[in-house]
Amino acid sequence: MAGWAGSVDRLRLVRLVVEEVEVGSLLMQRGIGDGDADRPEMVRLYTLLESEALSKDHPVHEYFEQREINLLREYAFAAKRDGVADPERTALQVLSAMEGLQLRWLNGSHDVDFIGEWKAIIDLLIP
């Protein structure tokens with residue numbers, strides 16, 4: 001995907017989306033994303049950007065890679081603080097569940113109560 005390097009306008013859009021959604025997305029992943037639940041199109045755009053950034057030559061690949069490392073570290077810290085037996089594994093499970101639920105919600109093919117389902121998932125993963 002060598003075309004990414006020369007796409008200044010697209011890079012500006014990428015930065016704008018990342019700046020706009022980052023705070024809301026992080027809150028949503030922590031289970032308090034009532035604001036993002038009202039902004040599915042912005043979350044959808046962010047999710048698409050994140051999937052495009054899987055390519056190592058994408059302008060924000062490193063951003064999303066570091067973001068995942070940071071989230072896993074934060075989640076593991078919180079799990080350890082809460083007395084979870086295997087904090088790193090639980091952190092990976094929580095992040096994976098969040099991303100899966102987010103895709104189901106964005107898909108729109110199911111009537112998903114995002115906040116309700118997220119709270120139920122957390123109760124399952126962190127009893």
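Along the sequence shown, residues carry numbers from 1. Every heavy atom of this structure was used, including side-chain atoms; hydrogens, water molecules and symmetry mates were not. Just so it is clear, the structure is predicted and the values come from calculations on it, not from any experiment.
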Testing the basics here: between Y75 and A91, what is the closest heavy-atom pair and its distance to 0.1 Å?
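Nearest pair, atom of Y75 first, then A91: CB-CB, 3.5 Å.
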So which heavy atom on H58 is nearest to which on E52, and how close?
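Here H58 and E52 meet closest at CD2-O, 3.5 Å.
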Restricting to side-chain contact (heavy atoms from CB on, under 4.5 Å), what partner residues turn up for I69, sequence neighbours left out?
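For I69 the side-chain contact (heavy atoms from CB on, under 4.5 Å) partners, ignoring immediate neighbours, are Q66, R73.
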Please enumerate all residues that pass side-chain contact (heavy atoms from CB on, under 4.5 Å) together with L103, with sequence neighbours excluded.
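For L103, the residues satisfying side-chain contact (heavy atoms from CB on, under 4.5 Å) (neighbours in sequence not counted) are T47.
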Rounded to the nearest 0.5 Å, what separates atom [atom1] in [X] from atom [atom2] in [Y]?
X	Y	atom1	atom2	answer
D86	Q93	CG	CD	8.0 Å
E41	L106	CD	CG	8.5 Å
L95	E74	CG	CD	11.0 Å
W105	R44	CH2	CZ	8.0 Å

Any side-chain heavy-atom pair from [X] and [Y] closer than 4.5 angstrom?
X	Y	value
V84	R89	no
E117	R104	no
V94	I126	yes

L71 and R67: CA distance, side-chain angles, deciding distance, side-chain contact (heavy atoms from CB on, under 4.5 Å) verdict:
CA-CA 6 Å; L71 284 173; R67 179 177 176 271; 3.8 Å; yes
